[in-house]
Amino acid sequence: MENPTIIAGPCSAESREQLQQVVAQLADIPNISMIRAGVWKPRTRPGGFEGLGEPALGWMQELQKEYGKPFCCEVARPEHVELCARHGITNVWLGARTTANPFMVEELCETLRGSKMQVMVKNPMNPDVRLWLGAIERLLQCGITVTAAIHRGFSMYDNHGYRNEPLWEVPMELHRRLPDLPLLCDPSHIAGDDSLVATVAKAAMQLDFDGLMVEVHPHPADALTDATQQLTPQALATLIATLPGHTATGYTDGPALDLLRDKIDALDHELIQLLGNRMAVSRQIAEVKRQAGMSVYQPKRWEAVLTDRLKQAEGLALDQAFVKEILEKIHGESVRVQMEE
Ligand code: PEP
Ligand code: MN
């Protein structure tokens with residue numbers, strides 16, 4: 001994509017000066033279409049800064065007029081929507097905790113119905129594409145304008161370097177189901193650390209996301225929320241300047257790519273055929289086990305299969321965790337098929 005949409009601004013609105021400083025600095029950066037600022041902050045544990053509420057909306061309204069750039073913020077309750085509307089803030093988003101809760105989404109739908117609010121929807125905390133899709137569908141069914149889905153990663157018990165795991169396959173699946181809805185990436189909440197934000201943002205661009213929502217603060221170290229992950233406006237300008245550009249998409253990208261895609265297609269067809277063959281053997285095994293009075297699941301055999309296949313995968317330099325996950329899925333399906341017989 002040539003010109004990604006960029007939404008940038010502080011995690012939280014902290015004072016009029018902070019907002020003004022950030023808007024003034026962002027005004028010079030091309031492609032910034034909107035300024036974000038959290039007004040009500042969902043905190044994981046009690047006792048932290050919970051946002052300034054209505055006074056912040058008043059400053060946002062003034063700055064919106066002064067700089068000609070719309071502001072957006074998170075809404076989680078019907079009264080948040082009403083306050084935003086009263087202050088001319090017509091771009092809002094549903095946060096990850098809200099998207100995960102259909103009751104809250106329905107309450108917001110009722111308040112948003114018939115308004116001119118434009119709504120973006122972050123993914124739910126957990127990697128459930130149906131929950132994300134469900135929130136968007138609820139809004140659309142109420143005639144509400146949904147302008148984008150925002151990928152902010154997933155909260156896991158065990159994460160690997162990022163604050164929220166990207167699990168890119170989830171937003172890719174959302175995009176497959178809703179191809180016309182712009183898809184933005186929030187690299188700040190995925191990364192959790194300013195040094196990783198650019199890496200995540202670049203990955204999103206490689207995956208053809210339509211834009212980014214990035215947390216930017218004039219003095220990140222002093223931020224009242226998410227201090228470790230916010231960029232300075234200068235760092236954002238550098239990031240935007242170094243984003244990879246995409247122009248070619250689709251199936252007409254030249255003979256070299258077409259040839260490789262033909263190979264991928266053939267290999268995928270082979271993989272599916274092999275899975276079919278394997279499940280056919282599982283059905284035969286079910287019969288043999290039944291006649292021998294054996295149980296379907298044989299832990300020792302499964303252990304031996306796993307060890308053997310992982311050793312083979314190692315020789316091919318395949319990622320062990322990836323291969324293990326696939327084998328577990330195949331084995332699970334094989335067990336299910338055998339139970340069916
Ligand atoms: C935020 O954008 O500051 C925020 C709280 O986001 P999320 O809902 O993605 O956690
Ligand atoms: Mn934040």
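For ligands, and for the atoms within them, numbers begin at 1 and follow the listed sequence. We number each residue from 1, following the sequence as shown.
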Would Asp226 and His217 count as having a side-chain donor-acceptor pair, cut-off 3.5 Å? no

- Query: Distance only, no hydrogens: is a donor on one side chain within 3.5 Å (strictly under) of an acceptor on the other, for Gln21 and Gln25?
  - Reply: no

min-distance N/O/S atom, Glu215 vs the Mn ion (ligand 2), resolves to OE2

Atom 8 (O) of ligand 1: closest protein heavy atom, distance to 0.1 Å, is Ala96 N, 2.8 Å

(message) Side chains of Gln338 and Ser334 only: does a donor on one sit below 3.5 Å from an acceptor on the other?
(response) yes

Between Trp59 and Phe71, is the ring centre distance below 6.0 Å?
-> no

When distances are taken from atom 4 (C) of ligand 1, the protein heavy atom at minimum range is His189 NE2, 3.6 Å

Atom 2 (O) of ligand 1 has as its nearest protein heavy atom Arg36 NH1, 2.7 Å

**Message:** Over 60° means perpendicular and under 30° means parallel, so tell me whether Trp132 and Phe154 are parallel, tilted or perpendicular.
**Reply:** perpendicular

| Under a heavy-atom criterion of less than 4.0 Å, does Arg97 contact ligand 1? | yes

Looking at Asp226, the N/O/S atom that lies nearest to the Mn ion (ligand 2) is called OD2

Checking heavy atoms under 4.0 Å, the part of Glu215 that sits near ligand 1 is side chain

Does one side chain, of Asp308 or Gln312, offer a donor that lies under 3.5 Å from an acceptor on the other? no

query = Between Cys11 and ligand 1, does any nitrogen or oxygen pair lie at a separation below 3.5 Å?
reply = no

Quiz item: How are the rings of Phe209 and Trp168 set relative to one another: parallel (under 30°), tilted (30 to 60°) or perpendicular (over 60°)?
Solution: perpendicular

shortest atom 6 (O) of ligand 1-to-protein heavy-atom contact is with Lys122 NZ, 2.9 Å

Here the atoms of ligand 1 under 4.0 Å from any heavy atom belonging to Gly95 are 8 (O)

With rounding to 10 degrees, Cys11 SG, the Mn ion (ligand 2) and His189 NE2 define an angle of 170°

Ligand 1 to Trp93, heavy atom cutoff 4.0 Å, flagged ligand atoms 2 (O)

Ranked by distance from atom 9 (O) of ligand 1, the top protein heavy atom is Arg152 NE, 2.6 Å

Handout entry: Between Gln18 and His219, a side-chain donor and acceptor under 3.5 Å
Key = no

Output for pair (Gln118 CD, Thr147 OG1), nearest 0.5 Å, gives 5.5 Å

